[in-house]
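The next block holds one structure in the form of structure tokens; read it before the comments.
In the text below, chain A, chain B and the rest are named by the order of the sequence lines, each starting its count at 1. None of the values given here were measured: they were computed from a predicted structure.
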Amino acid sequence: MALETTLAGAYPKIGDSTEEQKLRRALHQFDKGEISEEDLDLIKNGVTEEAIRQQIEAGLDVVTDGLIRWDDPLTYLCRNITGFETSGLLRYFDTNTFYRQPIVESRLEWIKPILVSDYQFAQAKSTKPVKAVLTGPYTIAKLSRNRFYREFKQLAFDLAHIIHKEVEALEAAGCRYIQLDEPAILNHKHDFNLFLQMYEIVAAQLSKAEKTLQLNFGNLEGLYPKVLNIPVERLGFELTKNHKNWDVIKSAPFTKKMMAGVVDARNTKMESENDLVQAVHQLGEYTSLEQLWLSTSHSLEFLPRSNARKKLELLASAAKQLRGASVS
Amino acid sequence: MNLPVLPTTTVGSFPKPDYLTKARFQFSKNQISKTELEELEKKATKEWVDFQEEIGIDILVDGEMYRGDMVTYFAENFKGFEISGLVRSYGNRYYRKPVAVAEIERVNPVTVEWFKFTQSLTQKPVKGMLTGPYTIMDWSFDEFYPTRRDLCLRLAEVVHDEAKDLEEAGAQYIQIDEPAVSVRPEELELAIEAMGIVTSGLKAYTLTHICYGDFPKIYPKMLDIPVNQIDLELSNNEFDLLDLFKKAPFTRDIGLGVLDVHSHRTETKDEVKARIQKALKFIPKEKIYVSPDCGLKTREVEEAKAKLRVMVEATKEMRETLG
Ligand SMILES: [Zn+2]
């Protein structure tokens, strides 16, 4: 194994060409009742394939299904968990994108796998391993409105059990990489003990897939190094130029695998390949480059597709240069 | 200014009539000329002015028939910006983001001619409508300035020049929207500083609109934004925000959002009245302006009109009970 590249979640759903806008058109037609749900699903399948193909063409080693079917990081999961209703739009962290706030109306229950068929579809279309990406239980709990549980903790633990079942189902379906996004913990660092307990539930007796905990939209100050106690194999976080995390990780040895978000997925400005190579050499002081994943700092939905592609190509090109250097 | 108690107004944008949507599309394909498009933009603006007068809104807007996105519109008219490919905001909604690629400059006034045109159609006051520097900065990519602060403060100077020109053209009300302000509490200070530059030396009544954010994190600090009125989205989340005002009184005038702009359903008069009633518990009536949660441009024309009728009628009935 050598250093590999991946993206931190979603891929842009549309591009600038007419051909690349078919999902937008189809959703529009669906809203007007001009096409059926089956027609729409076929389009979503096609765009998912396109997203996977473009990631592979850009040179990524581990891909995602692009989360093409997801409206936002919460709704796609929550509408398949019994007990949730959805309500008004809220801004997703400090972005100019929105999510529908889930409302907990009754006891939450996992009925059946939510993402397994998406995973199976994507893996069947991909020559590279497909990483499943889902929002973690703490962030779901924190961004929801609780109208049922007496205590936040009860909500949190029920969600931890639900996500555990989902991760278990993904493992059973053969998924080898699972990424859990938990941006909310970076805004609520005082909840860390609860968070740790939740992940003991999420990860209990699951060992087939490599689980990545993705912590972005902030920095790890105050959570590092104790965040290394969370029972996941890999930790993902932002490491763009001058990001605070560069200082934070100096404070203790890094004992997990790392997914380093070195490419800024929230600005079109291109990093220089040399800067990226330098950054990775610096990371070599803290972690084994053999097992390092280089990635984008965030999902790519904050960029136009053409810019997203360029960023992925840059990532792959930097990785290639680094691998070449380590072979010689 | 001769306004009734609980003056009614709107946040800025109205839906474009079908003929204008079609014309904008044709213009983008070079099938009609700029002049032909402008004629239709003026026709639509006049229709909305007539409608606002007919139902009795107190402070009018031009409805932004000539604007696409609230940030991109300004970026397209300032020097130093390019426009990116499409980025998704929610669901099936996409927009093009500005990219700062050089020093930002305002070569000519951007909105002044539209303000003058609209004001010429009515005796009632028309608001000048601008997007604030913090929001333009936050919703743009930046490939030029070293820091967010540098871009934001440069934009503040440019938006100030525009506000000055609107004032000179006769605007008594100038709204500077800052919907992005509510999401990064750590940058609220910067947004306040930037708004200080925009409103510095203005005699017009100034207001800002803020929406869809985590208000508890920026309240009461947001009351330091140097404007006369803060207009807030309140209906979308069932007025939880008012609980905050128990903890610290709302010291500015408030623009009270009473219509959920994301739902197709028309509110009832009773719902609108209940919302005003609830606000009256926390804020004296002299300080309340009534408006929708946000711009109405995403609703159908008839939906928007129905909602606004209810808003104005409910407000009129409230006025009677207040004596
Ligand atoms: Zn708004």
Side-chain angles (χ1 to χ4, degrees), chain A residues 10-17 20-21 23-31 40 67-68 70-72 75 87-101 103 142-143 145 147 187 217-218 242 264-271 299-310, chain B residues 69-71 82-101 135-148 151 179-187 210-215 217 233-240 260-264 293-294 298:
Chain A
Y11 191 75
K13 292 178 180 22
I14 69 168
D16 279 324
S17 72
E20 283 183 311
Q21 298 204 2
L23 179 61
R24 190 186 195 189
R25 282 195 301 276
L27 282 166
H28 204 70
Q29 289 168 327
F30 178 73
D31 279 346
L40 181 60
L67 285 74
I68 299 301
W70 295 52
D71 255 1
D72 64 56
T75 309
S87 71
L89 290 176
L90 285 184
R91 200 179 286 280
Y92 187 66
F93 294 96
D94 60 1
T95 71
N96 191 20
T97 65
F98 300 83
Y99 68 96
R100 287 209 176 273
Q101 187 176 40
I103 302 182
K142 212 66 206 173
L143 299 188
R145 189 195 300 217
R147 281 195 187 149
N187 291 334
F217 294 102
N242 299 327
D264 187 351
R266 296 186 62 185
N267 197 2
T268 50
K269 187 176 185 180
M270 292 295 285
E271 290 78 2
S299 135
L300 288 172
E301 276 216 277
F302 306 113
L303 289 174
R305 194 186 263 190
S306 53
N307 299 81
R309 277 186 90 151
K310 278 193 223 150
Chain B
D69 174 81
M70 64 179 289
V71 165
E82 287 175 1
I83 303 298
S84 82
L86 292 162
V87 183
R88 198 167 73 99
S89 86
Y90 181 78
N92 206 23
R93 291 184 58 198
Y94 292 81
Y95 67 112
R96 293 180 189 278
K97 263 176 100 153
V99 191
V101 295
T135 298
I136 299 179
M137 177 276 291
D138 193 47
W139 294 1
S140 298
F141 295 122
D142 180 11
E143 300 185 6
F144 179 75
Y145 290 91
T147 66
R148 291 165 63 81
L151 173 56
V181 151
S182 56
V183 294
R184 291 182 203 238
E186 74 278 12
E187 283 187 341
I210 302 179
C211 58
Y212 306 109
D214 199 353
F215 289 110
K217 289 217 178 94
E233 160 248 347
L234 289 162
S235 314
N236 188 43
N237 278 291
E238 300 178 14
F239 267 47
D240 286 357
D260 182 354
V261 301
H262 291 286
S263 94
H264 294 285
D293 265 6
C294 196
T298 58

What part of [X] gets closer than 4.5 Å to chain A, counting heavy atoms only: side chain, backbone, both or neither?
X: B:Tyr94; value: both
X: B:Arg93; value: neither
X: B:Arg184; value: side chain

Given a strict heavy-atom distance threshold of 4.5 Å, which part of A:Asn267 is in contact with chain B: side chain, backbone, both, or neither?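 Both backbone and side chain of A:Asn267 come within 4.5 Å of chain B.
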Parallel, tilted or perpendicular: which fits the ring planes of A:Tyr92 and A:Phe217, with parallel below 30° and perpendicular above 60°? perpendicular
Who wins among A:Leu303, A:Asn307, A:Thr268, A:Leu27 for the most heavy-atom pairs under 4.5 Å with chain B? A:Thr268
Pair count under 4.5 Å, heavy atoms only, with chain B: among A:Thr97, A:Asn96, A:Thr75, A:Leu23, highest is A:Asn96
Whether A:Lys13 and A:Asp71 form a salt bridge (side-chain N of Lys/Arg under 4.0 Å from carboxylate O of Asp/Glu) is what I want to check. no
Sequence-distant partners of B:Lys217, salt bridge (charged side-chain N to carboxylate O under 4.0 Å, His left out), two or more places apart: B:Asp214
Going by heavy atoms in the side chains, are A:Asp72 and A:Arg100 under 4.5 Å from each other? yes
For the atom pair CG (B:Asp69) and CH2 (B:Trp139), what is the distance rounded to the nearest 0.5 Å?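 Rounded to the nearest 0.5 Å, the CG-CH2 separation comes to 7.5 Å.
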